[in-house]
Each structure stands twice: as C-alpha cells, then as structure tokens.
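Report on the structure given below.
On a predicted model such as this, the values are computed, not experimentally measured, just so you know. Heavy atoms only: backbone and side chains are in, while hydrogens, waters and symmetry mates are out.
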Amino acid sequence: MAIQFNFVSSMLILVLLSISSVEGQGGGGGGVIDVVTKFGAKADEKTDLSKPLLDAWKEACASTSPSKIVIPKRIYFVSTATLDGPCKAPIELQVQGTVKAPADPGAFKEPKWISFNRIENFKLSGGGVFDGQGTTAYKREGCKGHAYYGSLPINLRFDFLTNAMIQDITTKDSKQFQANVLGCKNITFEHFTVSAPDESPNTDGIHIGRSDGVNVLNSEIKTGDDCVSIRDGSKNLVINGVTCGPGHGISIGSLGLFKNEEPVDGVTLKNCTMTNTSNGVRIKTWPCAEPDTCLNIHFEDITVTNVSSPIIIDQKYCPWNKCKINVCTYLSKS
C-alpha cells in the first residue's frame, strides 16, 4: 500500500545551475582533451588511468579557455586521483566509460578514491560509471584487525566546489559513502544514479555537509544506508524527484553531537518516492543538541511504499546505546 503525506514549513526558490558543454577550441588552450588519444590511457582494466587523467587535468586547469576532458567508452582502472583547482577557466570532465577502483580495501591509505577539490565552474557528465568494487569492504566482521579500518574510500568527493553540475553519472558499490559533498556552493546533481546492495554498510548515496545551495534532482538512489544524508552547516538544499530504495530513506542528521555545529537551515524535499526502505524522511539529533540545530524544513508530496517508519523526528538518536542525558533544556520560540 502506498502512503502520501505533506509536511509544510517553508519554501525555497530553486535556482538550477547549468554549465554548458564546451566543444570548440579557444585561445590559451582549451578545447577537447581525449585521455586515450593524447595521453595514452589504456582500457585494459589493469593499466592505471591516474597519470593520463592527471596530465589531462593539469593541461585543462592551466588553460585560459574552457576545456573538456573525455574518457571514452570502455573499462578503465584508476588507483586513485585528486583533481585540484583553482583553475583558470571552466572544465568539463566527460566520463563515457566505466572506471574501476582497486577491489582490495588495503590499497587505500586515505578515505577517498576520486576527489574534486577547490574548483569553480565544473561539470562532470557523460553517462559513465564509477565502480568502487566494494564487495569485500561490506564484510565487516573483524574489520578492526585490518590496516584499512578507518580509511575505507568514498567513491566521489566534492570538496569546496563553486558552481558545479554532476549530470548523468552513476556511482556503484562504493566501499564507504557513494558521494560526499563538503563546503560546496551551488552544486547540482541531476540524473545521478547510485547502485549498491541493501547490505552495504555506511554507503550513504549523497552525504552533504557545510554546503550552501545543493540540488539533487530526478535521481535514483539504491544503497545500504541513507539515500541522502544532510549534516550540520548545510543550507538552502532542494531534493526533488528522487527515487530511494533500498536504503534508510532521506535523513537530516545526525546533528548536535559536537559543540559549535552550524544549524541545518532551509531544506525543501518534494516529489520523492521511498520504496522498501527502513525510513521515509527522518530528522535525528543527539540528546541535548544545541537549540535551533534544524530549522526551515519543508517536506511535500512524498510517497512511501513498504517503509517501516514513514516519518521520524528522533531527538534521542543514540545508535550505540552509549548516550547519557544530563541537564537538558528544551527551548521554544514564539
């Protein structure tokens, strides 16, 4: 049986960023850079794509004209890559093929696989797939005995981006979060696909923190944890047309665990569908969280089917049963 509900608190104005594709040549470099034809990348699933990709990025980032880097169709292996800015002109990375991570979690010394850092006017597109090959990492029994404990990689990290579009991209089987958004301003995910089995732990689809103006539009998220998780310092978020399931639903929080957290302020979630999830929409705060941790939240036109808890507002979130409640004060504002 399907259930529909509306929860209206406030409205936001959606401004959708669109960065145009770049095809032509321009002064000061720019144009189309093919990592295979120009930098000798090999699609044999063994040769590391990291150096050709970083070489192409270095050239594009130094260009004073807009550039497009193309990873053609076929399957490639990438050990790890961090694509750093700032860059001199807009860049589009068009991934048409599939890139695969090392299957062994021990290959990673940091909790990241592909990272985009401090870039303005960036687009990731092309219909391609980022395959984290996370099956081994999902077997967590005795995982503290392994050297990789605590450094399981996130498939896609977007750190401190301004004006970015992530469009027609799939991330699958990440060993940790599928996509992490931190410190970004005006970033849009559209037709973004997440694919991971329901038994995959801590594989949040899109994890958002301390970012302003994040839009998640017309996307499909199947994973073993929150389809979208929203943490402290996030504001002016729009989630519209998202299909979620399996997973834990869409969550704000957990919030209030640490001192001096910035509030979540302004979330519009509408026209979304949750199917076979443990929760629908959820707000979770730790006991004695700071006042005004979460405000201006708008839930509208959410359909849930076979969902255990369609709506949860949990102010005593304590997943490991180690919380102590001591001198709590609840404040209200007129």
**Report entry** I154-V129 co-clustered via ILVMFWY side chain contacts under 4.5 Å
**Finding:** no
Requested in this report: Report whether L124 and L49 are members of the same hydrophobic cluster (ILVMFWY, side-chain heavy atoms less than 4.5 Å apart, transitive linking).
Outcome: yes
Does [X] use its side chain to pair, donor to acceptor, with the backbone of [Y] at less than 3.5 Å?
| X | Y | answer |
| --- | --- | --- |
| D34 | V36 | yes |
| T275 | T305 | no |
| S219 | V216 | no |
| K172 | G132 | no |
| Q176 | L152 | yes |
| D55 | F39 | no |
| S50 | A81 | no |
| T277 | M274 | no |
| N180 | R157 | no |
| H248 | G224 | yes |

Roughly how far, to the nearest 0.5 Å, is the [atom2] atom of [Y] from the [atom1] atom of [X]?
| X | Y | atom1 | atom2 | value |
| --- | --- | --- | --- | --- |
| F192 | I169 | CZ | CD1 | 8.0 Å |
| S254 | E261 | OG | CD | 8.0 Å |
| D168 | F189 | CG | CZ | 13.5 Å |
| K100 | E45 | NZ | CD | 4.5 Å |
| N155 | F177 | CG | CZ | 12.5 Å |
| N117 | L182 | CG | CG | 9.5 Å |

Requested in this report: Run the numbers on T171 and Q178 for side-chain hydrogen bond (donor to acceptor under 3.5 Å, both in side chains), then give the verdict.
Outcome: CA-CA 6 Å; T171 171; Q178 302 283 344; 2.9 Å; yes
Report task. Using side chain to side chain donor-acceptor pair (under 3.5 Å) as the criterion, point out the one residue from Q167, Q94, E92 that pairs with K123. Result -> Q167
Closest contact, heavy atoms only, [X] versus [Y]:
| X | Y | answer |
| --- | --- | --- |
| P52 | D48 | CD-O, 3.8 Å |
| V307 | G280 | CG1-N, 3.5 Å |
| F77 | K46 | CD2-O, 3.6 Å |
| L255 | R231 | CD2-C, 3.9 Å |
| A60 | S67 | CB-CB, 3.7 Å |
| K175 | P102 | NZ-O, 2.7 Å |

Requested in this report: Salt-bridge test for K38 and E59: reply yes if a basic N is under 4.0 Å from a carboxylate O, no otherwise.
Outcome: yes
Report yes if some heavy atom in the side chain of [X] is under 4.5 Å from a heavy atom in the side chain of [Y]; otherwise report no.
| X | Y | value |
| --- | --- | --- |
| L156 | W113 | no |
| F122 | N163 | no |
| V95 | I69 | no |
| C294 | D265 | no |
| W57 | I91 | yes |
| I283 | S251 | no |
| Y76 | T98 | no |
| I71 | L93 | yes |

Report summary line: So the disulfide bond (SG atoms under 2.5 Å apart) pairs with at least one residue in residues 33-69 (sequence neighbours excluded) are C61-C87
Query raised in the report: Do any pairs count as a salt bridge (charged side-chain N to carboxylate O under 4.0 Å, His left out) and have a residue in residues 219-230, sequence neighbours left out, and if so which ones?
Result: E220-K222, D226-R282, D226-K284
**Report entry** Pairs satisfying salt bridge (charged side-chain N to carboxylate O under 4.0 Å, His left out), at least one member in residues 192-218, at least two apart
**Finding:** R210-D232
Requested in this report: Start with the C-alpha gap between I230 and I239, add the side-chain angles, then the distance that decides, and say whether side chain to side chain contact (heavy atoms under 4.5 Å, CB included) holds.
Outcome: CA-CA 11 Å; I230 302 164; I239 302 169; 4.0 Å; yes
Report task. Let me see the working for D173 and D131 under side chain to side chain contact (heavy atoms under 4.5 Å, CB included), right down to the final yes or no. Result -> CA-CA 6 Å; D173 295 341; D131 184 353; 4.1 Å; yes
Report task. Check step by step if side-chain hydrogen bond (donor to acceptor under 3.5 Å, both in side chains) holds for T268 and H298. Result -> CA-CA 5 Å; T268 294; H298 177 102; 5.3 Å; no
Query raised in the report: What do the steps show when you test T136 against Y138 for side chain to side chain contact (heavy atoms under 4.5 Å, CB included), and what is the final call?
Result: CA-CA 5 Å; T136 302; Y138 302 155; over 6 Å; no
Query raised in the report: Side-chain donor-acceptor pair under 3.5 Å between S278 and S308, yes or no?
Result: no
**Report entry** side-chain hydrogen bond (donor to acceptor under 3.5 Å, both in side chains) evaluation trace for T273 with T243
**Finding:** CA-CA 5 Å; T273 300; T243 299; 5.0 Å; no
Query - Test log, rule side chain to side chain contact (heavy atoms under 4.5 Å, CB included), inputs I250 and L269 - result: CA-CA 9 Å; I250 296 177; L269 194 159; 3.3 Å; yes
Query - Evaluation steps, disulfide bond (SG atoms under 2.5 Å apart), between C272 and C244 - result: CA-CA 8 Å; C272 293; C244 168; over 6 Å; no
Query raised in the report: Does the ring center of F160 lie less than 6.0 Å from the ring center of F116?
Result: no
